[in-house]
Amino acid sequence: MNRFLRDPLAWLGIVLLIPLILGAALGPLMADAALETHLSARLLPPSADHWFGTDALGRDVLARTLAGARQTLGLAVLVAGLAAPLGLLIGALAGTLGGWIENVLMRMTDIALSVPRLILALALAAALGPGLVNAAIAVALTAWPPYARQARAETLSARKADFIAAARLCGASELRIACIHVVPLGLSSMLVRLSLDLAGIVLTAAGLGFLGLGAQPPAPEWGAMVAAGRTHLIEAPWVAGFPGLAILMAGLGFSLIGDALRDALDPRAERC
Amino acid sequence: MKRAVWFPLTLLALLAVTFAFAKIAPIDPLLAVVGERANEATRAAAAQSLGLDQPWPIQFLHHVGRALSGDLGLSTLTGRPVLEDLAQVFPATVELALAATAIGLALGLPLGIVGAYWQGRWPDHLSRLIALLGHSVPVFWLGLMALYLFYAALGWTPGPGRLSFYLEGLIPSPTGFILVDALLAGRPDIGADALAHLVLPALTLGLFSTALFARTSRALMLDALTQDFILTARAKGLSEWRVVLRHALGSALAPLTTTLALTLCSLLEGAVLTETVFSWPGLGSYMTGALMAADMAAILGGTLLIGLVVAGLNLLADMMQRWLDPRTA
């Protein structure tokens, strides 16, 4: 942990995420301001009244950007909560059971890993129809393979450890060994991978939002807000600019923390 | 050898996935054929002629057979076979991806080397920060901001698109790559215009590939610099830059080919968003256009093409690495 706290880039990451967390916490207070339209106050430039200006419907861009933090964080948590356990389960099963089941599961993982994530998510989101939950499912179903790979590798190395042999001698079932003894060993590296992955999840989700496949208007979703600002880019660059800056801050914050966490917890992990 | 078996398996899995997506999509494939006022008998006849009355394993076999013979269906958006559409738009995407890769190599490699050499000091922090920035920036937003700054505000670059409208369609397009076509037709002015249009999207996407190359080359160089042969090279009294560039970098080159393939793959993905922003008439614009029109045949055809290219590139990178580094064979 000391090593983490001494890394200047880790601190930069923490600082970048503070507004995001504040925004998500204060989101409900902003909900009205984020949706309220004032057609007389369209596309106002940033000023003391509207720090980030207003959009094409006269809504306050600052309020919408802050309220959007909730959508993005919510989606990231949803995806992480779906993808990491799914990958962990598949990887741990493959590692514990071995044999042809392992072969089939890992080949599936390899193939899923080799297809670009956004493309697959895009096709799936197109098939499921637009919406926040569908977007989360689409991203999650493309995000699990790295977890499965890692979980299998950890399981394989743990399987030969003495304490596993001891547990087996005590009569523990394979399932008990997998869940109680093997899975906790992989948790720290799983955490590192998750924090590194969050940036990618936020970006993929924002990309889907930009293409109109995420949360539907008028919900304040950053990707969709950038897309909406595109039509007024030349006369009102702030409409697309600030939500995009928020995506960048979230992505960079997660990457920096993930990177520093990996250096601190898992120095031997491959660094790419 | 193992990889060569992989390729058809991956292809089969891709076909299975696209088939499943087409099945779960809430789009009635008969609607486009018979219209909404058709009676049950007409619908049943159409279903039979399209093979939709068969059990789904049979339908899947048909799906595979059609895809292997190059029949990806008709695009409801353009009314043409999807394969023809893809052949028309793909060169533009390849052009963009190659330009971005070149930028990534030119900037990312030096950044990674510098970062590894001064590990833990400010050049390293700078290199890591740039790498993470390129990794975390939403490309669609970066593209928009670049357009605003360099096109709208400063007027340094031309606007969106691949060519100025008054130059479009003036030369034949045998290869689909405008730069090559312009040279073949002896029109350097068109080539220059195309190049000017390429700069902004390529730089936007290039930041992303720069990040990937910087990250990987830093890791590989960190590893290489601690090896015994570097100590030997130094003990022999070789100059420092020779040690770093020839001995350390030399050993990192083989694994870098894998990164090159990976980068090209992620660039295809980034191209979908970048092309939308820059109205670049490539695969990405085609797929997002199809998305808006709920044109599943076009979306799945594009997915299949990208999956195929990615699998092919991975295979190629694997063979390259074995050839460059016999130890991995």
Side-chain angles (χ1 to χ4, degrees), chain A residues 7-9 12-13 16 107-108 110-112 114-120 122-130 196 199-200 202-204 206-207 210-213 222-223 226-227 229-230 233-235 237 240-241 243-256 258-259 270-272, chain B residues 6 9-10 13-14 17-18 20-27 125 128-129 132-133 135-142 144-145 147-149 151-153 212 215-216 218-220 222-223 259 265-266 268-270 272-273 276-277 287-288 290-292 294 296 299-300 302-303 306-307 310-311 314:
Chain A
D7 191 335
L9 290 185
L12 184 58
L16 283 173
R107 292 302 78 91
M108 259 170 56
D110 281 344
I111 289 168
S114 70
V115 181
R117 206 153 138 179
L118 181 73
I119 305 291
L120 207 58
L122 185 147
L124 187 56
L128 290 173
L196 277 171
V202 166
L203 283 182
T204 311
F210 179 74
L211 295 175
L213 289 170
W222 292 339
V226 174
R230 208 183 144 196
L233 180 68
I234 305 221
E235 72 268 29
L245 208 56
I247 304 172
L248 173 61
M249 277 171 67
L252 192 58
F254 283 130
S255 300
L256 285 168
D259 217 42
E270 64 177 312
R271 310 180 113 254
C272 54
Chain B
W6 270 117
L9 266 184
T10 311
L14 268 170
V17 166
T18 48
F21 285 1
K23 285 287 146 207
I24 57 172
I27 297 169
H125 289 314
R128 270 176 67 202
L129 189 66
L132 286 172
L133 207 62
H135 180 71
S136 328
V137 72
V139 279
F140 54 92
W141 174 77
L142 189 70
L144 280 179
M145 293 299 113
L147 262 182
Y148 174 71
L149 185 64
Y151 165 62
L212 262 175
R215 268 171 101 86
T216 334
R218 174 178 178 268
L220 291 170
L222 273 179
D223 188 48
T259 315
C265 302
S266 7
L268 282 177
E269 182 172 273
V272 171
L273 294 167
T276 312
V277 170
M287 282 182 76
T288 45
L291 202 60
M292 296 306 143
M296 276 319 271
I299 296 172
L300 296 178
T303 309
I306 292 179
V310 168
N314 279 331

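Here the structure is a predicted model, which means the values were calculated and not measured. Residue numbering restarts at 1 for every chain, and letters A, B, ... go by the order of the sequence lines.
- No side-chain donor-acceptor contact under 3.5 Å links B/Thr303 and B/Thr18.
- Using a 4.5 Å cut-off between heavy atoms, A/Leu12 touches chain B through its side chain atoms alone.
- Ranked by heavy-atom pairs under 4.5 Å with chain B, the list A/Leu233, A/Leu120, A/Val226 is led by A/Leu233.
- Contact tally against chain B (heavy-atom pairs below 4.5 Å) for A/Ala123, A/Ala199, A/Gly253: the top residue is A/Ala123.
- Only the side chain of B/Leu14 has a heavy atom closer than 4.5 Å to any heavy atom of chain A.
- With chain B as the partner, the residue from A/Gly229, A/Gly241, A/Gly212 showing the most heavy-atom pairs under 4.5 Å is A/Gly241.
- Across A/Ala206 and A/Ile247, no two heavy atoms sit closer than the pair CB-CD1, 3.8 Å.
- Heavy atoms closer than 4.5 Å to chain A are found in the side chain of B/Thr288, but not in its backbone.
- For the side chain to side chain contact (heavy atoms under 4.5 Å, CB included) test with B/Val139, the passing option among B/Val277, B/Val272, B/Leu144, B/Leu273 is B/Leu273; the others fail.
- Every side-chain contact (heavy atoms from CB on, under 4.5 Å) that A/Leu248 has, sequence neighbours left out, goes to A/Leu245, B/Leu133, B/Val137, B/Pro138, B/Trp141.
- Between chain A and the residues B/Leu268, B/Leu142, B/Leu147, B/Val310, the largest count of heavy-atom pairs under 4.5 Å involves B/Val310.
- At a 4.5 Å heavy-atom cutoff, the contact between B/Leu291 and chain A is made by side-chain atoms alone.
- Across all non-hydrogen atoms, the minimal contact from B/Met287 to B/Ile299 is CE-O, 3.5 Å.
- When side chains are defined from C-beta on, A/Asp259 counts as touching B/Arg215, because their heavy atoms get closer than 4.5 Å.
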